[in-house]
Amino acid sequence: MSIRVRFAPSPTGNLHLGTARAALFNWLFARRTGGTLILRIEDTDMKRSETAFEASILQGLEWLGIDYDEGPDKPGSTGPYRQSERMVDGAYNSVAQALIASGHAYRCFCTPEELDAERAHADASSRPYVYSQKCAKLTADERNARLAAGTTHTIRFMIPATAGIIAFDDIIRGHLEFDSQLLGDFVMIKSDGSPSYNFAVVVDDIHMQISHVIRGEDHISNTPRQILVYQALDKAIPLFAHLPMILGPDRSKLSKRHGATNVIDYKAEGYLGTAMVNYLALLGWSPPDEKEIRSVAEISDLFELERVNKSGAIFDLKKLRWMNAQYIRQFSADALLAQIIPVLSPAISSGFLAHSPATQLAMIQLVHDNFELVPEVNIALKVFFLNDTEYKSMLDAFTFSAEDRLVAQAFLNQVSTATTFDDAVVAQLLETVKTETGFGTGKVFKPLRKICSGYESGPHISTVISLLGAECIQDRLKRFLSA
RNA sequence: GCCCCCAUCGUCUAACGGUUAGGACACCAGAUUUUCAUUCUGGCAAUCGGGGUUCGAUUCCCCGUGGGGGUACCA
């Protein structure tokens, strides 16, 4: 039996972190086993589905580096891969008709009001609600009369009275059992003719020859219903693996009130897809050794569903940030340069790009380890691109002593005599100031850092000074001394 | 209410029934760095509670507690 897995987002929003993680685990499993990964768009909810969301989901997957073998934009032998298109083809309806014919399903004419009343009654008597099967008991004449009258109706799956306990072995959770009598005849085809989730999923998974269903824990309770549909259709039941949930800091299902839940938001914030995917893989799965930072290629070589754990995991932004920083530090200066150019702020961009490639690289190298999110490079680089008013107000925030002015004067003298002005030269000039004034490093470096850069901390000051250039430094020193 | 799932440091997690219960993030301290950061070293910190089974339970079983999910003509 060949391994075929799928992940099936519904385009009712952008790519959610939980969905992305499910997609990733399907991807890892497919790559590890040499199986086929299918992307299926579950857009049966016409009211909430939007094509823009589908595009956004595709973008998110691309950013994470999750590709697939068959999908809407990658035709395969089991398409189409949008449920809306399969619906037009009549895929669901023909199966529903077959189930009616075989006595596994029936038409239900109950109105929403009637169903609400049933539910309210069950609640009032504090009994679990299951549909009354009222319409299953209709005579052929009653049924035909309503059909002839054009009464809108749904098609319900009939839970067999003999179904008893439904059991399956979850790859992650082990043996699971459910009492079929608590299930209730569920709607397969809605009154507008579209299939409901529990039905569409099974019809599609059969059609697409899915061997392993890997999805979130929130689908566990749907599984027995789906198994019953497989049985009614006399089809092989796939293997199931239910992934633990991704939780917010309060341990409830991750949702918008916890912050960004869409992966593309993280892209916009400056996280790297490679870091995100690495982090997500570690949420619920762990490698057999203790190495955490590793590429998806490496992870897919190691991945085993059996090593996925059962408990929900809180999404820890701090660790993601740390991991992102690790990935940024792995970049060569050239690679980092390519990453940062698109995110340069207007205040930095033109000034930075005006420098020679060599200077750009020198600046990047200098701040390489100073930021965790890509756009934070703007903060790190700011020291080189302060405008006059910014510089002045920062300088005004400091207080200086007479000794500081002495140091400034001594340094100005040195700078004025310098013919070249690279890193090494500046370092030498600073040493000379130390010997001339007789002051220690602290007394020399600290005031000069403030006067020359406007900051009291930052990267190596001799490099900052050399990159700022002799002209700028002389100007600042003169203005400081004449103030 | 009913059904189901889950339970190791604050967080993510490791541990054939036998380990001083390991690693990572965070936090704290020290070292390096002219400063901040990086880096390095060290430290703090956990088996939810109660019963069993066993020579021996984090590990197996039961009960309790806690948390989560589901209970739709959403997916």
Side-chain angles (χ1 to χ4, degrees), chain A residues 8-13 19 42-45 47-49 83 108 110-112 115-116 119 122-130 152-156 170 172-173 176-179 182-184 186-198 200-201 215-224 242 244-245 247 249-253 279 282-293 307 309-323 325 329 367-372 380 427 430 434 440-446 448-450 453 455-462:
Chain A
S10 47
T12 54
T19 314
E42 307 218 324
D43 56 353
T44 52
D45 186 343
K47 293 182 203 77
R48 296 195 299 143
S49 296
Q83 290 187 330
C108 173
C110 291
T111 63
L115 296 172
D116 286 347
R119 213 184 328 271
D123 283 353
S125 54
S126 74
R127 287 214 312 278
Y129 169 69
V130 287
T152 61
H153 63 277
T154 61
I155 298 175
R156 283 183 188 271
D170 191 285
I172 294 168
R173 280 149 212 284
L176 263 26
E177 290 188 348
F178 298 83
D179 182 353
L182 264 20
L183 257 27
F186 61 90
V187 170
M188 300 183 336
I189 303 285
K190 304 177 212 170
S191 55
D192 66 359
S194 64
S196 72
Y197 169 75
N198 279 116
V201 165
R215 73 217 320 187
E217 180 187 344
D218 44 345
H219 288 295
I220 290 181
S221 54
N222 287 323
T223 309
H242 287 97
M245 210 106 274
L247 275 24
D250 63 356
R251 294 214 145 271
S252 65
K253 190 173 177 176
Y279 177 73
L282 260 21
L283 234 41
W285 175 85
S286 59
D289 58 20
E290 285 176 335
K291 187 181 166 198
E292 292 193 326
I293 304 282
R307 279 189 73 85
N309 70 4
K310 298 189 261 268
S311 47
I314 293 176
F315 187 78
D316 181 6
L317 207 55
K318 281 195 173 159
K319 186 150 185 177
L320 209 213
R321 259 187 103 88
W322 167 81
M323 195 165 276
R329 279 163 208 153
V367 300
H368 199 142
D369 293 345
N370 289 44
F371 56 100
E372 296 183 304
L430 290 170
K434 275 166 69 177
T441 45
K443 280 196 168 181
V444 172
F445 283 91
K446 280 182 182 168
L448 287 179
R449 172 183 291 283
K450 293 183 205 168
S453 78
Y455 288 82
E456 59 183 334
S457 68
H460 243 260
I461 191 58
S462 56

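Given the structure is predicted, the values throughout are model-derived calculations rather than measurements. Chain letters run A, B, ... following the sequence lines, proteins first and then strands; every chain starts at 1.
- Here A:Y455 lies out of heavy-atom contact (under 4.0 Å) with every strand.
- Between B:C3, B:C73, B:G69, one nucleotide has an atom nearer to the side chain of A:L182 than all others, and that is B:C3.
- For A:V187, whose side chain is taken as the heavy atoms from C-beta onward, the closest listed nucleotide among B:U38, B:C3, B:C73 is B:C73.
- Counting to the nearest Å, the C1' atom of B:U34 and the CG atom of A:L448 are 11 Å from each other.
- Remark: side-chain polar atoms of A:R173 are paired, donor with acceptor, to backbone N or O of A:H242 under 3.5 angstrom.
- A:K190 and A:S196 get closest at one heavy-atom pair: CE-CA, 3.9 Å.
- Between A:M323 atom CE and B:A24 atom P the separation is 12 Å, expressed in whole Å.
- Counting only heavy atoms from C-beta on, A:E217 has its side chain closest to B:G68 among B:C73, B:C36, B:G68.
- With both ends at atom P, the span from B:C73 to B:G68 equals 26 Å, rounded to whole Å.
- Nearest heavy-atom pair across A:P459 and A:V367 is CG-CG1, 4.1 Å.
- Remark: the separation of the P atoms in B:G66 and B:A29 is 38 Å, to the nearest Å.
- Pairing partner, B:G1: B:U71, with both Watson-Crick or wobble hydrogen-bond distances short of 3.5 Å.
- Nucleotide B:U19 forms a pair with no other nucleotide shown, judged by Watson-Crick or G-U wobble geometry with both contacts under 3.5 Å.
- Contact detail for A:N309 and A:I172: the closest heavy-atom pair is O-CG2, 4.1 Å.
- Nucleotides B:U38 and B:C4 place their C1' atoms 48 Å apart, quoted to the nearest Å.
- Looking at heavy-atom distances under 4.0 Å, A:L176 makes contact with sugar-phosphate atoms alone, never a base.
- When the P atom of B:U13 is taken as reference, atom CG of A:L320 falls 14 Å away, rounded to whole Å.
- Remark: C1' of B:A75 and CG of A:N222 are 9 Å apart, rounded to the nearest angstrom.
- Distances shown here put every side-chain N or O of A:R321 at or beyond 4.0 Å from the OP1 or OP2 atom of B:C25.
- Spacing between atom CZ of A:R215 and atom P of B:G69 amounts to 18 Å, rounded to whole angstrom units.
- Using a 4.0 Å heavy-atom criterion, one finds that A:I461 contacts the bases of the nucleic acid, with or without backbone contacts as well.
- Residue contacts shown for A:R127 are absent, as no nucleic acid heavy atom lies under 4.0 Å away.
- For the OP1/OP2 pair of B:A75 and a distance below 4.0 Å, the side-chain nitrogens and oxygens of A:S196 include no atom meeting the criterion.
- Nucleotides B:U8 and B:U47 are separated by 11 Å at their P atoms, to the nearest Å.
- Pairing for B:A7 goes to B:U65, judged as Watson-Crick or G-U wobble with the two contacts each under 3.5 Å.
- Distances shorter than 4.0 Å separate none of the side-chain N or O atoms of A:K443 from OP1 or OP2 on B:U34.
- Nucleotide B:C28 is matched to B:G42 when pairs are restricted to Watson-Crick or G-U wobble geometry with both distances under 3.5 angstrom.
- Checking B:C73, B:G69, B:C12 against every side-chain atom of A:R119, the shortest atom distance belongs to B:C73.
- Nearer the 5' end of RNA chain B, as judged by each residue's closest nucleotide, is the contact made by A:D316, out of A:D316 and A:D369.
- When atom types are taken as modelled, the side chain of A:D43 and the backbone of A:P11 share no donor-acceptor pair closer than 3.5 angstrom.
- Comparing B:U34, B:A75, B:C12 by their nearest atom to the side chain of A:R449 picks out B:U34.
- Put simply, CZ on A:R329 is 9 Å from C1' on B:U39, counting in whole angstrom units.
- Note on A:S10: only backbone sugar-phosphate atoms sit closer than 4.0 angstrom, heavy atoms only; bases stay farther off.
- The side chain of A:P128 approaches B:C2 more closely than any other nucleotide in the set B:C12, B:C2, B:U38.
- Between A:W322 and A:S252, it is A:W322 whose nearest contact on RNA chain B lies nearer the 5' terminus.
- Under 3.5 Å, the side chain of A:H460 and the base of B:U34 form at least one donor-acceptor pair of N or O atoms.
- Dashed line: the shortest gap from a side-chain N or O of A:N309 to OP1 or OP2 of B:U13 is under 4.0 Å.
- Looking at heavy-atom distances under 4.0 Å, A:T44 makes contact with sugar-phosphate atoms alone, never a base.
- Nucleic acid contact class of A:G440 (heavy atoms, under 4.0 Å, all strands): none.
- The side chain of A:R307 lies closest to B:A15, out of B:G69, B:A15, B:A75.
- Residue A:F445 has its side chain nearest to B:U34 when only B:A14, B:U34, B:G69 are considered.
- Separation of the C1' atoms belonging to B:G64 and B:C28 is 38 Å when rounded to the nearest angstrom.
- In terms of phosphate contacts, A:K190 brings a side-chain nitrogen or oxygen within less than 4.0 Å of OP1 or OP2 of B:A75.
- Not one N or O on the side chain of A:Y279 forms a donor-acceptor pair closer than 3.5 Å with the backbone of A:L317.
- Taking atom C1' on both B:G52 and B:G17, the two are 16 Å apart, rounded to the nearest angstrom.
- Panel note: side chain A:S453, backbone A:R449; a donor-acceptor pair is recorded below 3.5 Å.
- Nucleotides B:U32 and B:A37 are separated by 13 Å at their C1' atoms, to the nearest Å.
- With A:R307 contributing its side chain and A:S286 its backbone, the two residues share a donor-acceptor pair below 3.5 Å.
- Looking at heavy-atom distances under 4.0 Å, A:K318 makes contact with sugar-phosphate atoms alone, never a base.
- Base contact: A:P459 has a heavy atom under 4.0 Å from a base atom.
- You'll find that the side chain of A:S311 is closest to B:A7, out of B:A7, B:C73, B:G23.
- Within the 4.0 angstrom heavy-atom criterion, no nucleotide atom of any strand lies near A:K47.
- For A:K446, the NZ atom is loosely surrounded, since the number of other residues' heavy atoms within 6.0 Å does not exceed 12.
- Distance, A:R251 CZ to B:G66 C1': 11 Å, rounded to whole Å.
- Applying the 6.0 Å contact sphere to CZ of A:R119 captures more than 12 heavy atoms from other residues, nucleotides or ligands.
- Using a 4.0 Å heavy-atom cutoff across all strands shown, A:E42 reaches sugar-phosphate atoms only and no base atom.
- Neither OP1 nor OP2 of B:G69 sits under 4.0 Å from any side-chain N or O of A:S221.
- Distances from the side chain of A:D45 to the nucleotides B:C74, B:C73, B:C25 place B:C74 closest.
- In this entry the distance linking NZ of A:K310 with C1' of B:U8 reads 14 Å, nearest Å.
- Heavy atoms of A:H219 sit under 4.0 angstrom from at least one base atom.
- B:C36 and B:G49: their C1' atoms are spaced 48 Å apart (whole Å).
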